[in-house]
Amino acid sequence: MKVVIAGAGSVGRSIARELSSLDHEVTILDKETAAMRVASVPNVDWLLADACDPKALLEAGIDECDIVVAATGDDKSNLVVSMLSKLVYGVPRVIARVNNPRNEWLFDENWGVDVPVSTPRIMTALVEEALAEGDLVRMARFHRSGTSMFQTHLPESAPAVGLSVGEVVLPAGAVLTTIVRDGVPLHAERDLTLETGDQVIIIVSDEAERDLDLIGALMGAGETSD
């Protein structure tokens with residue numbers, strides 16, 4: 001798989017290092033000379049150029065790549081890279097870093113973004129996940145499919161406790177996909193019985209989000225966290 005990464009900061013270098021260790025073909029570009037720390041990730045191609053310049057993207061091989069990662073520290077640059085990658089060069093998958101949560105609403109298919117990654121959003125979700133019992137917590141939103149992944153831990157009082165997965169009736173557009181029990185992920189087989197303390201993963205469509213209170217009540221709470 002060929003990957004082009006815009007931004008050679010700590011985030012871009014970390015991604016490049018991980019991908020190259022998995023034998024993917026990686027090109028990383030940045031316009032700042034100081035960012036060219038080639039020795040830190042020696043097994044990838046480095047390019048000193050502005051990722052917002054179409055010529056630079058072509059030189060990086062964007063017309064042949066499978067994924068573009070816009071990982072600069074500037075949201076405007078990440079949006080421009082995403083738009084060029086998707087709308088001009090037709091890159092199959094565009095992943096973009098969101099630096100300022102206030103700009104998160106811009107990172108969608110209109111700007112060519114398939115997957116926005118907001119570190120503050122992820123950290124907030126992880127904190128909520130650690131504290132929540134019964135409350136539904138949105139862990140990720142998949143803009144391309146129009147769905148979100150929610151999770152919760154079942155308290156003893158949850159109506160779903162004691163029911164089999166097949167007996168749990170969720171609104172249309174909501175699917176219970178995984179149960180994590182004692183640190184072990186389990187497929188949500190129809191005959192698997194839900195137990196107190198289970199971590200439940202539910203995929204919810206945009207349309208089904210109007211029924212989040214109903215889902216939350218079934219899981220032992222009347223509210224959701226987002």
Side-chain angles (χ1 to χ4, degrees), residues 1-130 138-145 148-149:
M1 182 173 66
K2 181 173 177 56
V3 183
V4 171
I5 300 174
S10 58
V11 173
R13 293 197 307 274
S14 295
I15 296 171
R17 188 178 299 110
E18 291 294 326
L19 291 176
S20 65
S21 70
L22 297 172
D23 295 326
H24 295 297
E25 183 182 349
V26 180
T27 299
I28 185 169
L29 65 160
D30 199 295
K31 64 181 179 180
E32 300 294 338
T33 304
M36 295 290 103
R37 302 181 183 181
V38 178
S40 65
V41 194
N43 299 321
V44 305
D45 293 327
W46 288 76
L47 179 62
L48 178 61
D50 186 351
C52 294
D53 182 350
K55 293 181 180 179
L57 291 174
L58 282 173
E59 187 176 352
I62 193 171
D63 54 335
E64 299 176 346
C65 79
D66 302 291
I67 296 177
V68 164
V69 181
T72 78
D74 181 75
D75 284 344
K76 294 188 295 295
S77 295
N78 289 341
L79 286 171
V80 171
V81 170
S82 298
M83 182 183 66
L84 289 172
S85 300
K86 177 66 70 174
L87 304 182
V88 176
Y89 298 110
V91 175
R93 195 75 167 162
V94 178
I95 301 170
R97 173 186 178 187
V98 184
N99 295 278
N100 187 338
R102 293 182 179 179
N103 297 330
E104 194 171 341
W105 65 277
L106 288 167
F107 286 73
D108 60 15
E109 64 278 0
N110 294 317
W111 280 90
V113 178
D114 293 309
V115 182
V117 180
S118 171
T119 300
R121 166 75 68 174
I122 292 172
M123 293 183 69
T124 299
L126 290 173
V127 170
E128 290 181 326
E129 186 272 336
R138 190 194 307 270
M139 300 301 294
R141 176 168 175 75
F142 309 107
H143 287 272
R144 195 172 189 177
S145 63
S148 294
M149 180 176 71

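- Every residue two or more places apart in sequence or in another chain was checked for a side-chain hydrogen bond (donor to acceptor under 3.5 Å, both in side chains) with S20, and none qualifies.
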Using residues 8-15 as the side-chain source, report each donor-acceptor pair under 3.5 Å to any protein atom, sequence neighbours left out, with the distance given to one decimal.
{"from": "R13", "atom 1": "NH1", "to": "A8", "atom 2": "O", "distance (Å)": "2.9"}
{"from": "S14", "atom 1": "OG", "to": "S10", "atom 2": "O", "distance (Å)": "2.8"}

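- In this structure M83 satisfies the side-chain contact (heavy atoms from CB on, under 4.5 Å) test together with L87, W111, sequence neighbours excluded.
- Atom CZ of R37 sits in a sparse spot, with 12 or fewer heavy atoms from other residues, nucleotides or ligands closer than 6.0 Å.
- A donor-acceptor contact under 3.5 angstrom links the side chains of D75 and N103, judged on distance only.
- L19 contributes atom CG, which lies 6.5 Å from atom CG of L22 (distance to the nearest 0.5 angstrom).
- Of the inter-residue distances, the one linking F107 atom CZ with D114 atom CG reads 13.0 Å to the nearest 0.5 angstrom.
- Taken from CZ in R97 to CG in N99, the straight-line distance is 4.0 Å, to the nearest 0.5 Å.
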With side-chain contact (heavy atoms from CB on, under 4.5 Å) as the test, would you mind laying out the steps for L29 and V4 before giving the verdict?
-> CA-CA 8 Å; L29 65 160; V4 171; 3.6 Å; yes
Name every donor-acceptor pair, under 3.5 Å, that has one atom in a side chain of residues 46-71 and the other anywhere in the protein, sequence neighbours excluded.
{"from": "W46", "atom 1": "NE1", "to": "V41", "atom 2": "O", "distance (Å)": "3.0"}
{"from": "D50", "atom 1": "OD1", "to": "C52", "atom 2": "N", "distance (Å)": "3.0"}
{"from": "D53", "atom 1": "OD1", "to": "K55", "atom 2": "N", "distance (Å)": "3.0"}
{"from": "D66", "atom 1": "OD2", "to": "K2", "atom 2": "N", "distance (Å)": "2.8"}

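- Rounding to the nearest 0.5 Å gives a distance of 4.0 Å between CG of D74 and NZ of K76.
- Atom CG of N78 is separated from atom CD1 of I95 by 12.0 Å, given to the nearest 0.5 angstrom.
- Not counting sequence neighbours, S82 has no partner by the side-chain hydrogen bond (donor to acceptor under 3.5 Å, both in side chains) test.
- Nearest heavy atoms, V98 versus P116: CG2-CB, 4.0 Å.
- Shown here are the side-chain contact (heavy atoms from CB on, under 4.5 Å) partners of E32, two or more places apart in sequence or in another chain: D30, A35.
- To the nearest 0.5 angstrom, R93 atom CZ is 7.5 Å from K86 atom NZ.
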